[in-house]
Amino acid sequence: VVDGDYMARSGINNLKDLSTHVPNFNMSNSSQVTNTRLIIRGVGSVGNTAVEGSVGVFIDGVYYPRPGSVISNLLDISAVEVLRGPQGTLFGRNTPMGALNITTNDPTDDFRANTHVSYGNYNDLNIGTTISGGLSDTIYGLASVNYTDRDGYGYNELTSKEIGDTEDLTFRGKLLFDISDSVEAKLTVDLAEVNHTGAIVELLPETNSPLFIGTTQALYGVPAGSGDDPYDNVVNQVNDDKATDEQWGVTAQFKFDIADYELKSITAIRNWENDYQDESSLRIAADLVPRNSFYSNGTFSQEFQILSPEGDTFDYVAGLFYYEENFDVDTFFDAGSDYCSPTVFGIVRGQLIASGMEPATAMATALGQADACGGFAQDKFVTSVFRQELESLAIFAQGTFHINDRLDTTFGARWTNDEKTGSFEQQLNNPFAAIFRSPESTPDLKVDESKVTWLANVRYQFNDDVMGFFTASTGFKSGGFNSQGTLVALGDRRTFANETTENLEVGIKSSFFDKALTANVTLYQTDIKDFQSRSFDGLSFVTTNAGELRQKGVEIDFKYAATDNVNFSGGLGTLDSEFLSYPNGSGLPGGAVQDLTGTANHWSPKLQANLTADWNIPLSTNLSLFVRPAISYVDNQNIGGTTNQNPQTIQPSYSLASLRVGVEDFGAGWRLTAFVDNLTDKGYCSTMFDQPLGDSLGAVNATNNTTAIRCVVGAPRTYGLTFSYQY
């Protein structure tokens, strides 16, 4: 659990920041920011597809289905719980690997307000305000707003322009109605808009090749790559990404006290839209197949809960959850001014010469093909339309037997039924687009399945300070559809099957030295059957079911108040990953399928750790100086976009350090903080992926099974000042 005060003091503004403070939890972004991946214990689903999330996000009890919809700043947070292992018994939507349970502050009856202003390098401006108080004797209100505007971290030598800037506006309003002693209602409205120009994507120089350099130099006059430093945030390529991310939601919650029971109703409507235009999908110095993607997601959910009286030998929670979701993905590729000539010309000429044709004849033929290509559609020369509708119903219950003062047992079960229908249509409006896409019409996609998942837990209080527990639980993620276009029409392979998890945990929660030290240790093992994995055919990703994956390890977290003025907190997570069965895994670049049984899953570092210290030095009765250093460590891991064990996509281990120093006046309510994040300016990749169209551009070496690798660069060193005031 990370509370709002800890987040404010540590500069945690979003889920990416949070991941550096919680072992075995990661958040990665790819070249398309909608492709956000939330990862717990080495497993997470990409966000720009129709694949169900392995990690669920719940904000004030409402499920957010698409990871790409949680890229904006967190606003007025009370606490964030990172729940590892299958969840679902107490949450509306079943999640097989874990959940983020985020709660925001409720309105107060007395007037309260706080505001903050922050400014840093890259002209990073962050302003936020929250006001709360009583509007009448029975109605309380809260309004929070936050605005961020930052210049880009990157520079494009090709266009002499800055890239990667972002602008973020978030609002949340709440009304709390104290209708009677037994009835309470709460209405929440939230809005968010993020405008940005994409991520910084560089070419790892050690993966570049003379053929790739020569091909791009010959075709476009500029070789692939931009120097020997892949983390300098300088690129030399077409990079015209523009994205607008908008969402809104309305939630109505009612709580009824009937006798000693509590009834809850949570009704929510949400809408998320992301327009990602002019995405430079190939990241080379050519105007070539820019992609325009339009995501639209609308949901309706209704949850009912009944909570039994507290203090009995047996207490329970039971409920009903109904959920509807519409998810649309419209994708358009334009040819770009460099597609027909010189690209089609160069590819055709090279293929003809390789087949033995005389060079002059090959050139004439290739010129004819390039001219023919130019006679067909250039705008929207490939269009794909994906539609999905989901209707889900779940019944759940969880109860705890308090056997005696020391021993408790908990049992929970959930029945889930998911019905999905969908369609996929892809058209080639220019026949020369067949280099990287195929026409396809799959109008009647359908998944209809039900599953029972369960949880069993035993807790024993050895004494007032030490509690041991054992938990067995299962999880479920429904099957679905591949929503993206591909080089070869998928047909029946457009549908993939569901994924199930079996999880075992044993651990201890403890406190010592009159609760000055709290320490928790958990040993876990999670088996995932029919794991939904991604393969890559050189141009497109396809989700398929692997055999079985096992993730196991140890998680430790602690808090220690060494003195009245010095505190430490931290955690450590180990992860041992192994495919127990994966006979038809993705091949290495240019290679055939391979048996990945016995290998590790991607995104599974063997070790993650973090440590934060907080030292307060009293200067007067209310005035205090504070120093707050923090460091996080991630072991080496494979972060390639496809599960094929390519050694080129291994991110070496790295550490990120931050430092906050400031003064605060507890009586007056103000705080001034100087901060530095990524103190050592460490260069690292958030994600890696194969060079698209690598075969045709000479990036793939089929003999060595290597290819050019793209790196989505992590944030550089940032620093600035923050002033906050509460009254």
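Atom set for the values below is all heavy atoms of this structure, side chains included, hydrogens, waters and symmetry mates excluded.
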Check whether any side-chain heavy atom of [X] sits under 4.5 Å from a side-chain heavy atom of [Y], and report yes or no.
| X | Y | result |
| --- | --- | --- |
| F675 | L659 | no |
| N208 | L203 | yes |
| I213 | T215 | no |
| L693 | I435 | yes |
| R628 | V661 | no |
| Q369 | D371 | no |
| D151 | E162 | yes |
| L15 | L100 | yes |

**Request:** Apply side-chain contact (heavy atoms from CB on, under 4.5 Å) to the pair N678 and T718, showing each step before the final yes or no.
**Result:** CA-CA 7 Å; N678 193 357; T718 56; over 6 Å; no
**Prompt:** In this structure, are over 12 heavy atoms from other groups packed under 6.0 Å from D228 atom CG?
**Reply:** no
**Item:** ring pair (Phe, Tyr, Trp, His ring centres under 6.0 Å) evaluation trace for F436 with F333
**Value:** CA-CA 11 Å; F436 75 106; F333 285 94; 5.2 Å; yes
Using 4.0 Å as the upper bound for N to carboxylate O, is an ion pair formed by [Y] and [X]?
| X | Y | result |
| --- | --- | --- |
| D635 | K606 | no |
| R41 | D576 | no |
| R283 | D241 | yes |

**Fill in**
By salt bridge (Lys or Arg N to Asp or Glu O under 4.0 Å), R710 pairs with (sequence neighbours left out) none
**Request:** Could you check E167 against V194 for side-chain contact (heavy atoms from CB on, under 4.5 Å), going step by step and ending with a plain yes or no?
**Result:** CA-CA 6 Å; E167 185 180 30; V194 182; over 6 Å; no
**Message:** Pair Y276, Y295 - check ring pair (Phe, Tyr, Trp, His ring centres under 6.0 Å), show working.
**Reply:** CA-CA 8 Å; Y276 206 117; Y295 299 88; 8.2 Å; no
**Prompt:** Who are the ring pair (Phe, Tyr, Trp, His ring centres under 6.0 Å) partners of Y231, not counting sequence neighbours?
**Reply:** none
**Request:** Could you please spell out the steps behind the side-chain contact (heavy atoms from CB on, under 4.5 Å) verdict for N429 and F376?
**Result:** CA-CA 7 Å; N429 302 314; F376 292 98; over 6 Å; no
**Item:** Verdict with supporting geometry, L204 and C685, side-chain contact (heavy atoms from CB on, under 4.5 Å)
**Value:** CA-CA 10 Å; L204 294 179; C685 299; 4.1 Å; yes
**Message:** Both conditions, 6.0 Å and 45 degrees, for the charged tip of K380 above the ring of F332: are they met here?
**Reply:** yes
**Asked** With no hydrogens and no angle check, do the side chains of T673 and T722 hold a donor and an acceptor under 3.5 Å apart?
**Response** no
**Request:** Please confirm whether Y153 and Y122 have ring centers closer than 6.0 angstrom.
**Result:** yes
**Fill in**
dist N644:CG -> L596:CG (nearest 0.5 Å) comes out at 7.5 Å
**Message:** Rounded at 0.5 Å granularity, tell me how far CE in M357 sits from CG in L352.
**Reply:** 4.5 Å
